[in-house]
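Atoms within a ligand are numbered from 1 in the order they appear, just like the ligands themselves. Bear in mind the structure is a predicted one, so any value in this text is a computation, not a measurement.
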Amino acid sequence: MLERSTIGENALQALHDEDYAAPFDTRALTHKGLLFTGGRDAQSLDGDWNFCVDLLDTGLRQKWFSMLPAAPENRTEPWDYDPYMGETVAVPANWQMLKEKWYFYEGSAWYTRALDHSPRAGRRQILRIGAAQYDCKVFLNGKFLGNHLGGSTPFCVELTDDLQDGRNWLMLCVNNARTLDRVPMRNTDWFNYGGIYRETQLFDLPAAFIRDMGLRLGPDGASIVVDLEIDGADHGDVQLSIPELGLDQAIAVVNGHASAVIPAQPELWSPDTPKLYDLQARFGDDLVSDRVGFRTITRQGTDILLNGEPVWLRGISVHEDDLTLGKVTTEDDLRARFQHAKELGCNFLRLAHYPHHERAAQLADELGFMLWQEIPVYWAIAFDNPATYADAENQLLELIRRDRNRASVIIWSIGNENPDTDARLSFMRALADAARRADDTRLIAAACLINHTRNRIEDRLAEHLDVIGINEYYGWYDENITDLIEIGRNSAPDRPVVISETGADGAIGKGAPETGLFSEAYMTQVYRQQIEILRDLDYVKGMSPWILYDFRVERRQNIFQNGFNKKGLIAADKRTKKEAFGVLAQFYHARARGEI
Ligand code: GCB
């Protein structure tokens, strides 16, 4: 009975084989395949997809992806799921936000949809998934095309050779299990959302196209440096134009690559004058565009220099989290976030603890905010596992490739609060090197911890960083605020320090305490004391307190938290400001006016 077809033949093996997932873990979808999407038309694949959670991985074991669509009456053997019919969910979405019974679901889930296609000679089709948390395996018409690791970066897969004339079936298996080898690993202080939660698109391209394009201001400030990667042709010319600079230039492609240093003196981008230039690049029938700002960001001693001038980063940390949407980001939500940051007097945001939606950096470019962007090398990672390193490095390179044309991004951060061990040092030093190889025009940082035994800023990683991020919670986890004064005195870092986190939980509303831990009054006091101490430390060149909004997280379950981290300056409704918002705003506005 179990052996009526190839699927049937697999049935016994499916029950007993614990290596069932190995063939689907090629990790073939990496930063190398990312497509430059600026200005391109795409078919949106968002909307309803057939959906099924699959706790036991029955779909991989039984190969659900290889079942052909057939009406139930035409089936000749028993089956456990109908990929082609049944329940649907919206994409993008996190399944936790769709049904209460999926709230804590962690494991595999299947997404299936039809794709109708009429082939045209000489065209190529590339699928792009904006983000899927965490492992995403891609199948087309029953064939496995590769998987991607990493929950917050985009990935692409070429479908050209596997698309049939007429109806096709695309199936994605997305798995958000927390495992020891992932980045992040099992334990985090943010919610483990699952699913395809950013846009899905299909690009129809000519046989030869621009795979990647990077632009930046040359180190002399009097040129623009361009790098291009062409797919499908070794030679030819890319025509690059920046009309506002009177620039229209052919760049020769050699072995699929093109690069040029073009004399130009663009007006420089800064938060006060966020000047952007429209540009286009054409290769044969392929045309892409972008809006790019040009600036330099460097460090000198303990200073951070923007366009050669010292800046002080008036920042705030922010998660990608929403009461009703989870990690799904909307334009309105992003604009409201920047509006709140403006009210606070910020010129800087820390996008913690993983790559946020790419629209965030585009808007920061337009609105004039500097950004710290980060990969989730968070707390204890398997620092001695080469596969974990490869995953972390790939997430970093995907982020850099996605956002390297964004002037707003001034810092790539390679980790958060990782213990100072030998394994961590070599892991993160390699990440810092990889970031610099991919992009030597930005500062590299990590959020480090204070050395509590010596009460000073001291971390062996610091010499490999441009900016030392420090997460410190004096007045909260470390109850004695005066220790911070001593640490300030004991430390003499040779490079800029940014206080990447500080803060305290402040519950508001019904049942909130009036005084003491978790009260709004206590939180306000911590902010006042922190500002008082930090403002006088001359090597501190900015701060991004924790955090703009209260956010959902499984591990915060006391009666004031109820599943939320309450360190937001604004409650989870993204409307109700706490008193500390005003305290920080007062400090930042005074600094912006040069009074401090
Ligand atoms: C930290 C972590 C952050 C937490 C925060 C907290 O140091 O970096 O992810 O959410 O503290 O609230 O404890």
Between Asp550 and Lys566, is there a side-chain N and carboxylate O pair less than 4.0 Å apart?
no

Heavy-atom proximity to atom 5 (C) of ligand 1, picking from Tyr378, Tyr477, Tyr473, points to Tyr473

Answer with side chain, backbone, both or neither: which part of Arg555 has a heavy atom less than 4.0 angstrom from an atom of ligand 1?
neither

Can you tell which part of Ile547 has a heavy atom less than 4.0 Å from ligand 1: side chain, backbone, both or neither?
neither

Looking at Arg552 and Asp322, is any side-chain nitrogen of the basic one under 4.0 Å from a carboxylate oxygen of the acidic one?
no

Have Ser413 and Gln373 got a donor and an acceptor in their side chains that come within less than 3.5 Å?
no

State the atoms of ligand 1, each with its element, that fall below the 4.0 Å cut-off from a heavy-atom position in Arg556.
6 (C), 12 (O), 13 (O)

Looking at Lys567, which atoms of ligand 1 are within less than 4.0 Å of one of its heavy atoms?
6 (C), 12 (O), 13 (O)

Salt-bridge test for Glu532 and Arg528: reply yes if a basic N is under 4.0 Å from a carboxylate O, no otherwise.
no

Quick look: Trp476 vs ligand 1, heavy-atom contacts under 4.0 Å, and the answer is neither

Which ligand 1 atoms does Phe551 reach within 4.0 Å, using its non-hydrogen atoms?
10 (O)

Ligand 1-proximal atoms of Thr188, by part, heavy-atom distance under 4.0 Å
neither

Do any N or O atoms from the side chain of Asp365 and from the backbone of Ala407 form a donor-acceptor pair under 3.5 angstrom?
yes

